[in-house]
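Shown next, in structure tokens, is the structure this report addresses.
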Amino acid sequence: MKIATFNINGIKARMNALTDWLGEAQPDVALLQEIKSVDEAFPREHFEDLGYNVETHGQKSFNGVAILSKLPLEDVTRGLPGDDEDEQARWIEATVTGDTHSVRLCGLYLPNGNPTPGPKYDYKLAWMDRMFARAQELLASEMPAMMAGDYNIIPQAVDAKRPDAWRDDALFKLESRTAYRRILNLGFTEAFRTRNPAPEQFSFWDYQAGAWNRNDGIRIDHLLLTPQAADLLTECKIDAEIRGREKPSDHVPVWVDLAA
DNA sequence: ATGGCACTGTTTCAGTGA
């Protein structure tokens, strides 16, 4: 079962790039972030025609997450629990069932948090506290589960071309990385690093300053697996090449294959 | 990070992102 995460930076602007990639990569499930669309405006029929079931959790202009799945999507929930006042669309869950296992999938768009300090950074850290609580529940369920998406977290210096440039940024500040590590340390497996120890492997390159051409990137899109899901992990890769195409997102897909 | 870009909105620049 091939499951990908992809921050598309706007569904309207990414129709061609996303459609091309789906055709080539043939993921069973694609967790999308930054659809920047309300649910009613999401071009669901286009993806249904490609054989995908579509579930969205959108909002106007910003944020927004979605799941495309060739397998049926069951028990869909929207929103990260823990704050009824939170209007930002950043979390969606569903269960998919393969030949041998059911897997709970959480698609997430973790807040950027800049500038620091300030209310946006406070929101990021508070959001991560709520995510910690949901992560505990997933582990307690003892089922194969995954939290995947744009974490807006550079876990370690090796995950940036120029870590010094990010020292005081909300993506790399010690407080951010500590909050991420606290979730990981509950017992999750970060799929990419488990299988790819080499440096200079990134999932985001800024549109500015020729970042892609200089491989001046950061690795901020992650897939965290519960132990039961980690036992099924057979592969994890970054589809970096599509960053060099026409009208790309600034992120690229990261995917896992699970023997599920 | 000196700075360079891109997306949405009902636009003609501002807010946001990373």
Side-chain angles (χ1 to χ4, degrees), chain A residues 5-21 31-43 56-66 86-91 107-125 127-128 131 148-177 179-180 192 200-222 238 240 242-254:
Chain A
T5 175
F6 190 5
N7 180 323
I8 58 174
N9 189 18
I11 186 59
K12 295 186 194 77
R14 215 61 61 215
M15 286 298 281
N16 290 340
L18 176 58
T19 301
D20 289 349
W21 171 76
L31 303 165
L32 306 180
Q33 301 89 39
E34 283 206 271
I35 62 173
K36 296 187 176 181
S37 163
V38 293
D39 295 332
E40 305 76 56
F42 192 89
T56 61
H57 180 40
Q59 69 179 85
K60 192 176 177 182
S61 302
F62 305 118
N63 308 322
V65 288
D86 188 357
E87 310 251 312
Q88 300 191 29
R90 297 178 173 277
W91 186 275
L108 66 106
Y109 176 43
L110 205 149
N112 174 308
N114 281 304
T116 69
K120 292 189 175 180
Y121 193 53
D122 295 341
Y123 175 69
K124 177 176 195 157
L125 295 176
W127 200 95
M128 293 181 81
M131 184 175 169
D150 177 357
Y151 277 69
N152 272 316
I153 293 284
I154 302 167
Q156 302 185 92
V158 70
D159 299 309
K161 177 79 164 197
R162 297 178 300 120
D164 287 347
W166 298 91
R167 189 73 54 197
D168 299 316
D169 193 283
L171 278 62
F172 192 56
K173 281 186 73 154
L174 182 58
E175 205 173 358
S176 303
R177 288 189 283 143
Y180 170 79
F192 186 77
E200 308 233 330
Q201 303 188 87
F202 308 122
S203 66
F204 169 92
W205 298 260
D206 201 294
Y207 288 121
Q208 304 184 63
W212 164 250
N213 291 326
R214 297 181 296 136
N215 196 27
D216 182 5
I218 51 180
R219 197 176 67 87
I220 56 176
D221 298 272
H222 310 302
I238 300 177
I242 73 167
R243 182 63 179 78
R245 295 184 182 177
E246 286 290 301
K247 217 167 155 50
S249 173
D250 40 9
H251 295 249
V252 295
V254 187

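When the P atom of dA18(B) is taken as reference, atom CD of Gln33(A) falls 10 Å away, rounded to whole Å. Following rounding to the nearest Å, Lys247(A) (NZ) and dC5(B) (P) show an atom-to-atom distance of 15 Å. The distance from atom CD of Gln59(A) to atom C1' of dT16(B) is 12 Å, rounded to the nearest whole Å. Look at CG on Asn213(A): it is 13 Å from P on dC5(B), rounded to the nearest Å. Going from atom NZ of Lys12(A) over to atom P of dC7(B) covers 12 Å, rounded to whole Å. Counting to the nearest Å, the C1' atom of dC7(B) and the CZ atom of Phe62(A) are 9 Å from each other. Atom pair Phe42(A):CZ and dT8(B):C1' shows a separation of 16 Å (rounding to whole Å applied). The separation between Gln88(A) atom CD and dG17(B) atom C1' is 12 Å, rounded to whole Å.
The same atom, C1', is picked in dT16(B) and in dT11(B); the two are 15 Å apart, to the nearest Å. Nucleotides dG3(B) and dC13(B) are separated by 22 Å at their P atoms, to the nearest Å. Nucleotides dG9(B) and dG4(B) have their C1' atoms positioned 24 Å apart, rounded to a whole Å. Atom C1' of dC7(B) sits at a distance of 15 Å from the matching atom of dT12(B), rounded to the whole Å. Remark: the separation of the P atoms in dT10(B) and dA14(B) is 16 Å, to the nearest Å. Here the separation of dT8(B) from dA18(B), taken at their P atoms, is 14 Å to the nearest Å.
Closest approach to the Ile218(A) side chain among dT16(B), dA18(B), dA6(B) is made by dA18(B) (side chain taken as heavy atoms from C-beta onward). Taking only side-chain atoms of Tyr207(A), from C-beta outward, the nucleotide of dG17(B), dA18(B), dT8(B) with the closest atom is dG17(B). Across dA18(B), dC5(B), dT8(B), the shortest atom-to-atom separation from the side chain of Lys36(A) is found for dT8(B). Considering only side-chain atoms of Lys60(A), the nucleotide from dA18(B), dG9(B), dC5(B) that sits closest is dG9(B).
Between the Ser176(A) side chain and the Ala170(A) main chain, a donor and an acceptor come within less than 3.5 Å of each other. For Arg177(A) (side chain) and Gln156(A) (main-chain N/O), no donor-acceptor pair under 3.5 Å exists by modelled atom type. Listed for the Asn152(A) side chain is a donor-acceptor partner under 3.5 Å among the backbone atoms of Leu110(A). With hydrogens and angles ignored, the 3.5 Å screen pairs no side-chain donor or acceptor of Thr5(A) with any backbone N or O of Gly107(A).
With the nearest nucleotide of DNA chain B identified for both Asp250(A) and Asn9(A), Asn9(A) has the one nearer the 5' end. Annotation: of the two residues near DNA chain B, Ile35(A) and Leu110(A), the 5′-most nearest-nucleotide partner is Ile35(A).
At the heavy-atom level, Arg14(A) lies under 4.0 Å from the strands shown only through sugar-phosphate atoms. Using a 4.0 Å heavy-atom criterion, one finds that Tyr109(A) contacts the sugar-phosphate atoms exclusively. As judged by a 4.0 angstrom heavy-atom cut-off over every strand, Asp150(A) is placed among residues touching the sugar-phosphate backbone only. Ala209(A) comes within 4.0 angstrom of a nucleotide base, judged by non-hydrogen atoms across all strands. At a threshold of 4.0 angstrom between heavy atoms, the contacts of Asp216(A) with the nucleic acid are absent.
By the 30° and 60° cut-offs, the orientation of the rings of Tyr151(A) relative to Tyr180(A) is perpendicular.
Within a 6.0 Å radius of CG in Asn16(A), other residues, nucleotides and ligands contribute 12 heavy atoms or fewer.
No side-chain donor from either of Trp212(A) and Asp250(A) sits under 3.5 Å from a side-chain acceptor of the other.
With hydrogens and angles ignored, no donor-acceptor pair closer than 3.5 Å exists between the side chain of Asn152(A) and the base of dA18(B).
Proximity of Gln208(A) to the phosphate of dG4(B): a side-chain N or O atom is located under 4.0 Å from OP1 or OP2.
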